[in-house]
**Q** 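First the structure, which I've put down as structure tokens, then a few questions once you've had a look.
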Amino acid sequence: MKTLTKNAGKLLIATALLIGAAGCKKDIFDKQDLSAVDGDIWNTATTTNQFLNGTYDQVMPNWPTPGSIYNTSDELNNGTASILYGTLTGNGNEVTEIYTKTALGTDQYFNIYRCNLAIAGINAGTMAAADKATLKGQFYFLRAFTYFQMVKLYGGVPLVLTAQNPATDNVQVPRAKSSVCFAQIAADCDSAAAMLPATWPATTDGGRITRAAALAFKGKALLYWASPQFNPQNDLTRWTAAYNANKAAYNQAVTDGFALYPTFANIWTDETTNNKERMIWRTLDATSISPTHGTNNENITRPYSETTGGGGSNEPTWNLVKAFPMANGLPPFLSDGVTVNPASGYNPEFFWQNRDPRFAATIAYNGCIWNLSGKTDRHEWTYQGFLDDAKTPSVTGFYCRKITNPALSAAAAIQNTNTGGGSGMDWIEMRFAEVILNYAESSFYATGSLTECETFIAKLRARAGISSANNYGLAGVTAAQMPGILLTEREVEFAMENKRNDDLRRTRQFDKLTGTQRQAYRWTLNSPYVAGAIPTPPAAGKTYIDVPDASGIRICDTINVNNKTSYEKFFTTAIVSLEPATTPSLNIPVSYYFYPLPNNFIATSAFIQQTIGWPGGTFDPLQ
């Protein structure tokens, strides 16, 4: 399953030599001339595939940096302050998705240049027609994928579909309308799907795009075009197009063997052919010494005590914890998010009990069993001052257990760019579960039917292990309630998978966070119980519960957090804000639905307009 990325890493150097040294480029359109690539490479599948592997390596997403501008939301404790508190100026280059330098001078238009160059070269080359189709189909998809990453952030961008001379033609390209960009993305996905196979050999080509994946991505793109971010007037024709595309994608995926993985908790750890849920992913490897082919996510996500100097990242907020429904499918709170839903069976003191099983697979909380590093009956403690993790404690009171591999030792969790290591866990960009929810959402808005929408939500809830009684908790749901249920279902299903920011912006719910807070859950020890090392001499009347006694037993590990008497004997709890006193609540302006183009991108051409709502902006992203 790792072959594609391994080869891509080895071949990236060769590809860079073919293209020319890009690291010295002045601006986004200052690329090497077409003559820098030997046209003979398009005559054989082997050399063209080398160029393709390098393009995959550049285009496909990797594990997101915790707290980056692109995954900042209410589900994480670490976020970009300029986004959370409304201080994004639009005068700098805070949002750089369109223009991001790497060691090879890569940016999004460089990636598009690669795709355009390859499509034209393959058309002119002399390789077999079958090879031309499968290779060209992948470049069509990668071009669509690259444009989508920009359009979802900025609205319409310059649409370049030929490998033009960057010194003359590209600088004259203005921003295309968003409608034109989405149409091109959909067309490229259709072209890709028509040329790509249903499957690839897993041992040599794991991670390549299939026809179903291309159609699924088309459905996703059209869902964005139909959603309130781009469609505040709710044009029904857009929803109909999204519905038809997502229905076709779902049917093709089922035909080609994609399916929900039976055990939700193991989706990320099973990278074998048994996992039919993965549709688009970046293959990574624990043996790689390259940060683009390995991942240190395991080390930064685990508690400090189970890492090598890591921990403290990817911590879920109380906001996310509250979102999970109960095991009966009912929400624990009413619509205000504060009042307990009396029909749900939710117990505020023991909030982890009787929850949707996805809760236990996603969230690690104080006192839960989390058998990291191959240990058995290992208790996770997040109370204030817990000795083992005192150097880097959990800020929120929670850890994310979904995206970790419990079998790895603490020493093996770290990825070193000199020696490799880490989990090597692949980054999954799209799961079949997303196809299901895209289908469910578009069906509701296109047809107004609750039945079809609920049928597909129920598929995910059934896989999760929610009770089928009362239609998996969906019985009696009204049309007015369904938008909130759909958004929450995505929040829960894709928790910590870099989807929440996009979903809030796409549905125009991002600014609804204004005036709210991200929250943490605090467990504090009751006297006489104390956390931390035993001082010399020990304090009189204090019991240090996280220091082993002579037999190696810690008092904390004897606490039964599911027993009311035991729990209340040791802990007092409180819900607290994560926001600093200087900015006590979130502030998300409506202008953030379309981020400003970076100044260094606009400076490349007098023909590129800034977006309305930002200084000097004249471009309308809704057209």
Side-chain angles (χ1 to χ4, degrees), residues 27-29 68-73 79-101 107-112 144-161 170-185 221-235 238 501-514 586-623:
D27 59 51
I28 199 166
F29 290 119
S68 75
I69 202 166
Y70 308 111
N71 67 0
T72 292
S73 73
T80 301
S82 59
I83 295 296
L84 292 174
Y85 307 125
T87 60
L88 189 67
T89 65
N91 294 320
N93 298 302
E94 302 107 320
V95 188
T96 58
E97 182 69 19
I98 203 167
Y99 185 85
T100 307
K101 291 289 185 181
D107 54 54
Q108 295 285 31
Y109 276 93
F110 182 70
N111 294 335
I112 289 167
F145 188 91
T146 303
Y147 270 119
F148 177 76
Q149 301 311 310
M150 293 190 287
V151 174
K152 73 177 183 179
L153 294 178
Y154 306 107
V157 295
L159 196 59
V160 182
L161 302 176
N170 280 2
V171 293
Q172 307 302 318
V173 178
R175 295 177 73 173
K177 292 181 178 180
S178 299
S179 57
V180 175
C181 291
F182 275 108
Q184 185 60 52
I185 291 167
L222 292 182
L223 178 71
Y224 273 66
W225 179 234
S227 295
Q229 178 190 8
F230 288 94
N231 188 23
Q233 300 303 316
N234 199 32
D235 180 352
R238 297 191 198 178
N501 180 293
D502 280 352
D503 281 334
L504 289 172
R505 295 179 69 246
R506 177 179 64 81
T507 58
R508 285 192 176 260
Q509 296 297 309
F510 206 22
D511 70 295
K512 304 300 190 298
L513 297 181
T514 295
L586 304 182
N587 176 28
I588 316 291
V590 294
S591 58
Y592 285 14
Y593 289 119
F594 296 100
Y595 291 136
L597 290 179
N599 286 346
N600 56 7
F601 177 62
I602 293 177
T604 62
S605 172
F607 291 86
I608 300 177
Q609 304 166 276
Q610 183 57 279
T611 307
I612 291 173
W614 298 97
T618 56
F619 180 84
D620 184 358
L622 297 179
Q623 293 186 0

**Q** If the condition is side-chain contact (heavy atoms from CB on, under 4.5 Å), which residues does Ile612 pass it with, not counting sequence neighbours?
**A** Asp620
**Q** Using only atom types and a distance under 3.5 Å, with no angle test, would you say the side chain of Tyr147 pairs donor to acceptor with the backbone of Ile112?
**A** no
**Q** Does Asp503 offer a backbone N or O that forms a donor-acceptor pair with the side chain of Gln509 under 3.5 Å?
**A**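 No.
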**Q** Cut-off 3.5 Å, no hydrogens considered: what does the side-chain donor-acceptor table look like for residues 173-185, sequence neighbours left out?
**A**
unit_1, atom_1, unit_2, atom_2, d
Arg175, NE, Gly156, O, 2.7
Arg175, NH1, Gln609, O, 3.0
Arg175, NH1, Thr611, OG1, 2.9
Arg175, NH2, Tyr154, O, 2.8
Arg175, NH2, Gly156, O, 3.0
Arg175, NH2, Thr611, OG1, 3.4
Ser178, OG, Gly156, N, 2.9
Ser178, OG, Pro621, O, 2.6
Gln184, NE2, Asp188, OD1, 2.9

**Q** Using atom types as modelled and distance alone, determine if a side-chain donor or acceptor of Arg506 lies under 3.5 Å from a backbone N or O of Ser227.
**A**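 Not a single qualifying donor-acceptor pair exists.
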**Q** Identify the heavy atoms of Gln229 and Leu622 that sit nearest to each other, and give their distance.
**A** O-CD2, 3.4 Å
**Q** Between Arg505 (side chain only) and Tyr592 (backbone N and O only), is there a donor and an acceptor less than 3.5 Å apart?
**A**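 Yes, the answer is positive, given that a donor and an acceptor are paired below the 3.5 Å cut-off.
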**Q** Is there a side-chain contact between Leu88 and Pro596 (heavy atoms, below 4.5 Å)?
**A**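 They are in side-chain contact.
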**Q** Indicate the atoms forming the closest heavy-atom contact of Trp225 with Asn231, along with that distance.
**A**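 Shortest heavy-atom contact: O-CB, 3.6 Å.
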**Q** Checking Tyr109 side chain against Val160 main chain: does a donor-acceptor pair fall under 3.5 Å?
**A** no
**Q** Taking Ser73's backbone N and O only, do any of them form a donor-acceptor pair with Asn501's side chain (distance below 3.5 Å, no angle check)?
**A**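 No, Asn501 side chain to Ser73 backbone: no donor-acceptor pair under 3.5 Å.
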**Q** Using 0.5 Å steps for rounding, measure from the OG1 atom of Thr514 to the CG atom of Leu586.
**A**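 Result: 7.5 Å between the selected atoms.
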**Q** Is a donor on one side and an acceptor on the other found under 3.5 Å between the side chain of Trp614 and the backbone of Leu597?
**A** no
**Q** Using 0.5 Å steps for rounding, measure from the CD1 atom of Ile588 to the CG atom of Leu84.
**A** 5.5 Å
**Q** Is any side-chain heavy atom of Ile83 less than 4.5 Å from a side-chain heavy atom of Phe510?
**A** yes
**Q** Please list, chain by chain and in numerical order, all residues satisfying side-chain contact (heavy atoms from CB on, under 4.5 Å) with Asn71, sequence neighbours excluded.
**A** Pro64, Ser68, Leu76, Asn498
**Q** I'd like to check Tyr70 versus Gln149 (side-chain heavy atoms, cut-off strictly below 4.5 Å). Are they in contact?
**A**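 Not in contact.
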**Q** How many angstroms lie between CZ in Arg508 and CZ in Phe230, if you round to the nearest 0.5 Å?
**A**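 So the CZ of Arg508 and the CZ of Phe230 are separated by 9.5 Å.
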**Q** What are the two closest non-hydrogen atoms of Asn599 and Gly90, and how far apart are they?
**A**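 Nearest heavy atoms, Asn599 then Gly90: OD1-O, 3.9 Å.
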**Q** With rounding to the nearest 0.5 angstrom, report the CD to CZ distance, Gln108 to Phe601.
**A** 10.5 Å
**Q** So does Ser82 get a backbone contact from the side chain of Thr80, meaning a donor-acceptor N/O pair under 3.5 Å?
**A**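 No, because the side chain of Thr80 does not come within donor-acceptor range (under 3.5 Å) of the backbone of Ser82.
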